[in-house]
Amino acid sequence: MTETPSKDPVIIVVQLSGGNDYMNTVVPHNNSLYRDYRPSVNINETDVIELTSEIGFHPAMAPLAAMYKEGNVAIIHGVGYENSPRSHFRSMDIWHTCEPETLGTEGWLGRAIKQIDPNKENVVTAVSMGPSLYRAMVAPDVPVATVENLDNYGLLTDISPEQKRDRVLDRYKKMYSPMIGSGPVMEFLGQTGLDAMKGADILNVAPSLYSSTVEYADSSIAKKLKGIAQIHLANLGSRIFYCDLGSFDTHADQLSTHNKLWSSASSAIRDFFDDLEEHQAADNVTMFLFSEFGRRVYDNGAGTDHGAGGVCLAIGKNVRGGEYGQYPSMKEGDLDQGDLVPNMDFRSVYTTLAEDWMKLDPVPIVGGHFEKPGFMSSSN
Amino acid sequence: MISTKANTEISLMAHLMRRAGFGASREELETRCKEGYTETVEELLAPLAQTPVDIYEFLRYYPLWWKPGTLGGLGQAPWVWTMINTASPLQEKLCIFYHNIFATGVAKVDHYDEIQDMIDMFREKGLGHYKDILLEVAKNPAMIYWLDNNENHADSINENWGRELLELFTMGVGNYTEGDVQECSRAFTGWTLEHKLPRFHMGRWDWHFKFVEEDHDFGEKEFLGHKGNFDGEEVIDIILANPATATFMARHIYNFFVEDEPQVPAWSVVPPNNPKAVQFLADALMDSNYHMETVLRKLFNSDFFRESQFSRVKNPAEVVVSTLRLVGNSSLPGPDILNWTSQIVYMGQDLLNPPSVEGWHSGIEWINSGTLMKRTNFMSEMVGDYSRPGIAKIIDRVSSTSFKPEEVVDACLDIIGPLEVTAETRVELIDHVSSQGDFDWQSTGVARALELLQLIVATREYQFA
């Protein structure tokens, strides 16, 4: 299985849950307004990792700064959408479904999976790492393997001996087969049960095939990325991976929380790419980081409240490193209710990822035509 | 399914006990049927008549769980143990109901004990007036810290609590303006906590609510069209008088006790499945001044409730607790309690640590390939264990009446539920046991029946309550 690794493009989405503070992630260190707005919750000028004369990374992001200097990180500025509701849930829903006006139930990646694997030939085309399935990956009739712990993954594992378990699993399969007229919920359960069975059979091999000299740190994001590396390296045809990290909802005690989060994220991301490099498996992988919104321009003394425009990062060898879009103006008169005004629609960013990276038709995925920032190299 | 009259009565009682509690054994259902349905509703609504669970019994086994802070990571174990052993299951169901609305988590609060205190408050006041619960929550230190009201000052508001009070706890998006959020937040300035001290090295200090007068904004506010020098309690009164609050709470109650609905963020756009029932509950809330006991009495005695059997996907706490109450022998807080608590987490419901302020998405969103696997594996392991008294009793009853494969399947479905399954599922179950002929209860019968029970809890139908 591993002899001829597939080179189909793979995307890994890392969701920064809770609202990552744009201004302390990509610090506008040369803008005097930054320090006016952030008397308490700011990054010391001397600590900022300078990337250009205008911007620099949070000090915990040194591994990402190194990757940036190698040209493998794109910073996409001012991402969001009009009339940001500043509610975590509504905002995350919008990012997941691409439906800012009405309530969507289908996720953008769910629609991408449908294009990649319309006949559901591979139930592990998409893998959601974590106890729960993210709405971004939900679409009718689209299987997603939801994996929490790769090592103990299987159905009815307590039934023994093997012969008896096989007999029960065989019956399970029949009981979960489609039933005409049983309704969408029963159909969903049936399909989920069958997919769970099949996915477990496939994914079970990944940890046993894996060996690496890279030692990941003991953090939840590192564990998730390691699991993703194991599945990717087993070459099972998985194309979309999803995981999250949080909580970035730093209304209070922001400096230490934000530092901890970015420090574990940065080192895990570096280890992940080192691991893939060691196995010559990094060429077809792009990682994408987003958060549901940025935070308010003014600090509140100990933290920052919900804001609007945020920042996205794309990381990988096929990324055209550098900055895309404009840092939204921080001038008092340009703010909307104290927030940075997004100047790049998130669906534009998705369009680049879907079309230029995943080679998919972006229109049905994001729900329309959007101008693409060119952060992916066009040939991969 | 066979559906005799006696069976219908048992089915209805089983439905009530699944919704207002964590299910019940066949013996308990039969006893309750003799008492009657409305009498059982009254008993559930009168928890004070029951002997409460003795939490000190748990603490004798796990002394570290007294004010656990973040120790051990499973601070919800005492609560789970209470759910398994309570004689007042509706109380614990209401704790889950309120915890899902006022979702507060150790991910930020860091101390299980403070959130446990909030659960204890839900247990004590859950059947009372919603206003009292809102006031208690507004003054609850874990909530104050969770939604940063300790950072909400007269001279610089932090609108986290003010917003969620309106968005998630009472009215729902679309019924207030950004201005209302800010005015609401002003009314709660100075509502803070004291003893926000580190646990180490002087031990834990309990948190307490504290009103800091000099940090409260006593100025005039304009909130939802009313003008006045409102404080938090007056703001809550204005919110409760607004019919949007009654409708929003009615949807919470309907979604939790009656039928799976779209999730909270959808409520501003998607109408209820059963608008009449939601209106009935909203009227009941308004008429009773949001008295939960009165509203729940009307709910459990309503036709739409009685007719709603198997229209909710069980949440993970229901899956684990009802399975343990069914199989029995789980009343001692042995080391298993930590595994059982973890199982609820694995199935997607990390109690006292919800994924966000919005709580958990319910219904079909509990199900994905990973969680379905966890549910199936846990339940099948439990019901396959003949040493569990509840399972031995089921097998005993089945074996005393039936030996033909078809009869055994029907008897198992009846006694474990009664569970309604589709004709297709029933055929599969019968097929599974038919190949080995009639049940010989002297030799292989028990093992075959256990395997059958394992298959039954793995069916799609068994995922519903």
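Residue numbers begin at 1 in each chain, while the letters A, B, ... track the order of the sequences.
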**Request:** With a 4.5 angstrom heavy-atom cut-off, could you sort out which part of A:Y176 is near chain B: side chain, backbone, both or neither?
**Result:** both
**Complete:** Which of B:I367, B:T459, B:V313 passes side-chain contact (heavy atoms from CB on, under 4.5 Å) with A:L189? It is B:I367
**Asked** Considering only heavy atoms, which portion of A:Q337 lies under 4.5 Å from any heavy atom of chain B: side chain, backbone, both, or neither?
**Response** side chain
**Message:** Can you tell me which portion of B:S156 sits under 4.5 Å from chain A's heavy atoms? Options are side chain, backbone, both or neither.
**Reply:** side chain
**Prompt:** Has B:D155 got more than 12 heavy atoms of other residues, nucleotides or ligands less than 6.0 Å from its CG?
**Reply:** yes
**Prompt:** With a 4.5 angstrom heavy-atom cut-off, which part of A:T257 approaches chain B: side chain, backbone, both or neither?
**Reply:** neither
**Asked** Taking A:V144, A:T192, A:I159 one by one, which has the highest count of heavy-atom pairs under 4.5 Å against chain B?
**Response** A:T192
**Item:** Non-hydrogen side-chain atoms of A:R135 and B:E365 separated by less than 4.5 Å
**Value:** yes
**Asked** Is the closest side-chain heavy-atom distance between B:E451 and A:R167 below 4.5 Å?
**Response** yes
**Message:** Using a 4.5 angstrom heavy-atom cutoff, name the option from B:I157, B:V173, B:D431 with the most pairs to chain A.
**Reply:** B:D431
**Complete:** Separation between CG (B:D148) and CG (A:D305), nearest 0.5 Å, reads 7.5 Å
**Request:** Using only heavy-atom distances, determine whether the side chains of A:H306 and B:R163 contain a donor-acceptor pair under 3.5 Å.
**Result:** no
**Item:** Crowding at NZ, A:K173 (>12 non-hydrogen neighbours, <6.0 Å)
**Value:** no
**Any A:T157 side-chain heavy atom under 4.5 Å of B:E381 side chain** = no
**Prompt:** Is there a side-chain contact between B:E151 and A:H251, using heavy atoms and a 4.5 Å cut-off?
**Reply:** no
**Asked** Do A:M186 and B:F464 come close enough that some side-chain heavy atom pair is under 4.5 Å?
**Response** yes
**Contacting moiety of B:E424, where chain A heavy atoms sit under 4.5 Å** = side chain
**Prompt:** Under a 4.5 Å heavy-atom cutoff, which of B:L455, B:V264, B:L429 has the most pairs with chain A?
**Reply:** B:L455
**Message:** Do the side chains of A:R296 and B:E159 get close enough for a salt bridge, i.e. N-O under 4.0 angstrom?
**Reply:** yes
**Item:** Closest non-hydrogen atom pair between B:M373 and A:A196, with its separation
**Value:** CE-O, 3.3 Å
**Asked** Would you say the side-chain atoms of B:N377 pair up with the backbone N or O of A:G154, donor to acceptor, closer than 3.5 Å?
**Response** yes
**Request:** Compare all side-chain heavy atoms of B:Q454 with those of A:D158 and state whether any distance is below 4.5 angstrom.
**Result:** yes
**Prompt:** Which residue out of A:N300, A:V138, A:V168, A:V123 racks up the most heavy-atom pairs below 4.5 Å with chain B?
**Reply:** A:V168
**Item:** Under 4.5 Å from any heavy atom of chain A - which part of B:F378
**Value:** neither
**Prompt:** What part of B:T422 is in contact with chain A, defined as an atom under 4.5 angstrom from a non-hydrogen atom: side chain, backbone, both or neither?
**Reply:** side chain
**Request:** Tell me, for B:H153 versus chain A, whether the close heavy atoms (under 4.5 Å) come from the side chain, the backbone, both or neither.
**Result:** neither
**Item:** Per-residue contact mode, B:N158 against chain A (heavy atom under 4.5 angstrom)
**Value:** both
**Prompt:** Do other residues, nucleotides or ligands put more than 12 heavy atoms under 6.0 Å from the NZ atom of A:K164?
**Reply:** yes
**Request:** Would you mind checking which part of B:L147 comes under 4.5 Å of any heavy atom in chain A, side chain (CB onward), backbone (N, CA, C, O), both or neither?
**Result:** neither
**Interface residue of largest heavy-atom contact number with chain B, from A:S182, A:G246, A:G190, A:P184, under 4.5 Å** = A:G190
**Prompt:** Are A:R171 and B:E428 close enough that some pair of their side-chain heavy atoms sits under 4.5 Å apart?
**Reply:** yes
**Message:** Ignoring hydrogens, what is the shortest heavy-atom contact between B:S369 and A:A145? Give both atom names and the distance.
**Reply:** OG-CA, 3.7 Å
**Prompt:** Are side-chain heavy atoms of B:T425 and A:M179 found at a separation under 4.5 Å?
**Reply:** yes
